[in-house]
Each structure stands twice: as structure tokens, then as C-alpha cells.
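To start, the structure itself, in C-alpha cells.
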Amino acid sequence: MTRFNALELANPGVRKLKPYQAGKPITELERELGISGIVKLASNENPLGLSDKVKAALRDELDDLARYPDANGYYLKTKLADRLRVQASQITLGNGSNDVLEILARTFVGAEHEVIFSQHAFVVYPLVTQAIGATPVAVPAVDYGHDLDAMAAAITERTRMVFIANPNNPTGTFLTAEDLHAFVAKVPEHVIVVLDEAYNEYVPEKLRADSVGWLAEFPNLVVSRTFSKAYGLAGLRAGYAVSSEEIADLLNRIRQPFNMNSLSLAAATAVLDDQDYLQQSVAVNDAGMDQLIAFCEQQKLNYIPSRGNFLTIEFGPKSGEIYEQLLHKGVIVRPVAGYELPNHLRVSIGLPHENDAFIKAMKELL
Ligand SMILES: *Cc1c(COP(=O)(O)O)cnc(C)c1O
């Protein structure tokens, strides 16, 4: 008798998968080291914590939690549609935008297809591609960012999807609206272009692409956004895709009807009305970015210029060691060796005192 082997029974794509490596939770480090007052700058979360309007909306929702959520997310979609000037029927809600990215891949990509993304791009793209058994095509980056010409050149008959993160995580690199538009215009219609704008709110308004406006021009374009970053709802899981109605209809066929729960629906709907919170998130981020950049320049450390809420800094071959030493000083940052960036660490922007804690710990180490 041979031993039961679950691996052999798993789908071929799943066998080779390595699970997503999340940032180390504060509670885990507390348990391991027996220390408190830990500063986590590892998952690009909003350091402001939940908006007060969201807290109130969550409390209001508690009494109804024995009921199923609204499967259509009526209030959230209506509000989003109004903001984005699209029809509610063009929106697909997700349990975080990660969910939306997976739904997109499962809707359009089969094992016979290729999926294109950039080297150093968000790890969810290869994950969802491989899970389906499709072929991932990682196009070498230029200056850590997307090489759009090379990505266009990589498209074949078998290509079914292209993922672009703008700004990209974990590099923070940013594509201009002009370059992006020219790229999408070049992509043939048998390829779905997924434009992941998780950090859109941190981009100065005058630099933002009118990506949702482009949907009228490009039927094969999908824009994904999230409430996890500038809106501060990472723990609640809320994201969405905007697309043509036709694509949204397909996505909604495989979307779990209750993928956004009642609390995340209420929170996302409420936070859209909290413009002060959003402005404060961006202001805190801008100030923190200046703080981290000043530290890098003072210490003559290279960093990748970022339009996100994080800065990826080059520490050389000792990056892994520095990560561990920072942990012992109660500061959690994010190793990015898994993104082919073994000499860098990604530091999320925190409140001023949190950034200071990182800077102080680094100065002791350097
Ligand atoms: C954080 C992030 C997301 C959003 O993840 P959620 O599932 O919405 O929390 C999506 N794309 C990129 C590039 C990200 O960095």
C-alpha cells in the first residue's frame, strides 16, 4: 500500500504553488519575542486606523448580522457608480480586490492560455494564473517598473490576460496616463487588460489616468480598486472591478453571492462619504514619504521612487539580516526577495512616530 498523497490528487497548477506570504502580524511577533509596542510597516495598511464614520456604520450593522448580506451590494454599488460616473451594472464587488483579480482569471483564463505581467509585479497575478494551470509570462522590468513595449511584444495568440499594477506593489513604480493609454490601445481584443489601481488615491489627481473613462473606448479593459489602502479597510475586505456591463455580467456569474459581508459593505459605503479621512490619509502618507526619503538620502541609501504608501529601499545583500534585526527591535517591515528583490526591503509609511521608530532602529543598525 502506498501512502495517501494529496499532492498527487491536486490540480497540476496547485501542486507548484507557494502560498502568499503576508506581512508578519503584530500579535505573532509579540508572542515570539515577548515584547510589546511593536510597529508594523509591512502590509501597506492605513496607519490612521478606521475612520470614525466607519466605526459608527459597523455598530449600526451589528443587529442585522444574523441575516445574509445584500448579495448585490445595492447601496455600495449605487454610490460607487455615482462617484465613478458609470452604471451600477458595470461594477463587480470583491472580498478585497484580490478576490476580483481571482474572479477575473477564473472567468477568462484557461490552462491553454498565457497571462502576462511584469517582473516584480504583485504576487497575486502569478498565483491566480498558476492556480488555473495557465502559463505565467513575467516580462523583465525596466528600472524596477513595467516595460510596456516588451509587454506588448510578449502578447501572442495564446495570451488571454495582462495584469498591470499602477502604481505597482512592491516597487511603487508608476506609469503615466499617456504611456498606459498607448499600451491599452495596442492590446488586441482577445486579451483582457486588468489595470490594478490599488494605490490610485495616493497618486496626485493631475497625474491619475482617467482609466474608468477609457472603458468606453476599450471593451477589453477592467479597472480594479480597493478599500484596503487609502480607505483603511484592509481587515474588512472590500474591493471592486469596473468594466463593461458585459464583462461585469460574466464576473458576477462566478462571484460568490455573499463575497462581501454585511460589515464590509456597510464600511465601504460609509467611508466613501468620509472625504476628510481620505484627505488625511493622503496627507499623512505624503509627510511620511518625505520623512523616509530624507532618511534614505541622509544615509545614502538607494530607494525606488514610489507613488504608493510604501518605499522600497536597497539595503544590499544584508537585507535579510536587517529584516531580522529590525524584528528584534520591534519593527516589522517586508522582505521582497520573493519578488526577485533580495537586496531590498519594503517599508510601509506609518504615522510620524512609527516612521521615526523605523529610522531610529535603522540608525542603530547601520
Ligand atoms: C494591496 C494590493 C491590492 C489589494 O488587495 P485587497 O485584496 O484589496 O486587500 C491589490 N493589488 C495590489 C497591487 C496591492 O498592492
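Please read these numbers as outputs of a predicted model, since none were measured by experiment. Residue numbers run from 1 in the order of the sequence given. All ligand and atom numbering here is 1-based and tracks the order in the structure.
Within the structure, every pair that satisfies the salt bridge (Lys or Arg N to Asp or Glu O under 4.0 Å) test and touches residues 57-79, not counting sequence neighbours, is listed here: K79-D273.
Between Y231 and L278 the shortest side-chain heavy-atom distance falls below 4.5 Å. Counting heavy atoms from C-beta on, the side chains of Q291 and D356 come closer than 4.5 Å.
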Ligand 1: protein N/O within less than 3.5 Å of ligand N/O:
{"residue": "ligand 1", "atom": "7 (O)", "partner": "S97", "partner atom": "N", "Å": "3.2"}
{"residue": "ligand 1", "atom": "7 (O)", "partner": "N98", "partner atom": "N", "Å": "2.9"}
{"residue": "ligand 1", "atom": "7 (O)", "partner": "R237", "partner atom": "NH2", "Å": "2.6"}
{"residue": "ligand 1", "atom": "8 (O)", "partner": "S97", "partner atom": "N", "Å": "2.6"}
{"residue": "ligand 1", "atom": "8 (O)", "partner": "S97", "partner atom": "OG", "Å": "2.9"}
{"residue": "ligand 1", "atom": "8 (O)", "partner": "T226", "partner atom": "OG1", "Å": "2.5"}
{"residue": "ligand 1", "atom": "8 (O)", "partner": "S228", "partner atom": "OG", "Å": "3.4"}
{"residue": "ligand 1", "atom": "9 (O)", "partner": "S228", "partner atom": "OG", "Å": "2.6"}
{"residue": "ligand 1", "atom": "9 (O)", "partner": "R237", "partner atom": "NH1", "Å": "2.8"}
{"residue": "ligand 1", "atom": "9 (O)", "partner": "R237", "partner atom": "NH2", "Å": "3.3"}
{"residue": "ligand 1", "atom": "11 (N)", "partner": "D196", "partner atom": "OD1", "Å": "3.2"}
{"residue": "ligand 1", "atom": "11 (N)", "partner": "D196", "partner atom": "OD2", "Å": "2.6"}
{"residue": "ligand 1", "atom": "15 (O)", "partner": "N169", "partner atom": "ND2", "Å": "2.7"}
{"residue": "ligand 1", "atom": "15 (O)", "partner": "Y199", "partner atom": "OH", "Å": "2.6"}
{"residue": "ligand 1", "atom": "15 (O)", "partner": "K229", "partner atom": "NZ", "Å": "3.3"}

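One side chain, E197 or S211, offers a donor N or O that lies under 3.5 Å from an acceptor on the other.
Residues satisfying the side chain to side chain contact (heavy atoms under 4.5 Å, CB included) criterion with E28, sequence neighbours excluded, are K24, P25, R31, E32.
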Can you give each donor-acceptor pair under 3.5 Å made by side-chain atoms of residues 91-99, sequence neighbours left out, with the distance rounded to 0.1 Å?
{"residue": "D99", "atom": "OD2", "partner": "N95", "partner atom": "N", "Å": "2.9"}
{"residue": "D99", "atom": "OD2", "partner": "N259", "partner atom": "ND2", "Å": "2.8"}

